[in-house]
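Residue numbers start from 1 in every chain, and the chains themselves are labelled A, B, ... in the order their sequence lines are given, proteins ahead of strands.
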Amino acid sequence: NAGVTQTPKFQVLKTGQSMTLQCAQDMNHNSMYWYRQDPGMGLRLIYYSASEGTTDKGEVPNGYNVSRLNKREFSLRLESAAPSQTSVYFCASSEPGERLGEHFGDGTRLSIL
Amino acid sequence: GENVEQHPSTLSVQEGDSAVIKCTYSDSASNYFPWYKQELGKRPQLIIDIRSNVGEKKDQRIAVTLNKTAKHFSLHITETQPEDSAVYFCAARGAAGNKLTFGGGTRVLVKP
């Protein structure tokens, strides 16, 4: 049982390049989330998907798009990367009513030059 | 939306002493308050949580208290050990949707 799997683990991009971060969960959870964590700071919600077929903006959605491909997979896309998007990105999943935030991926460390 | 503030931002304690981290939240309808421990380079790990119908919860050396009237909740770590050194985050789930808002984090250093 892998839980939440994120790929890639590390990536370096140049300004203006595009990239998709992948996230998959094998717990049959309905809700999935993308957060970013900047150095020395807490996690900020970028986008979330309460259930398959729905997505909603979080606190910091600008510069990102998401796709809930199916119940298992939730991807985050940077269309034109900017240095301000250098961060660690965490994906998470949960089921309403259970302990929220128990299932985080290992993160993707993204640097934009 | 929900706003969560966390204090202090850094906390240094002697091994064996207690550590207390405090958080306040803005949405009076928030109903779930988890705490996370994050070691350097690792994912956040849920260590304890409390729901709005409970005032206090304990799990071995850690405990969380919730004051709904004042809209604040606290994490208490007793008999601290060097392995407790990490960054701790509080969070709150607001009334709208199944999502969390996080505090800014507290870096805890336990000195041997």
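Residue contact with chain B, scored on non-hydrogen atoms closer than 4.5 Å, involves the side chain of A:Arg109 exclusively. For A:Leu43, the parts lying under 4.5 angstrom from a heavy atom of chain B are both the backbone and the side chain. Heavy atoms closer than 4.5 Å to chain A are found in the side chain of B:Gln38, but not in its backbone.
A donor and an acceptor atom, one from each side chain of A:Asp38 and A:Ser87, are located under 3.5 Å apart. For B:Arg107 and B:Thr10, the side-chain atoms include no donor-acceptor pair closer than 3.5 Å.
In this structure, B:Gln81 contributes its side chain and B:Glu83 its backbone to no donor-acceptor pair below 3.5 Å.
Using bins of under 30°, 30° to 60° and over 60° for the plane-to-plane angle, the ring pair B:Tyr25/B:Phe33 lands in the tilted bin.
For the options A:Arg44, A:Glu59, A:Gln37, heavy-atom pairs under 4.5 Å to chain B are most numerous at A:Gln37.
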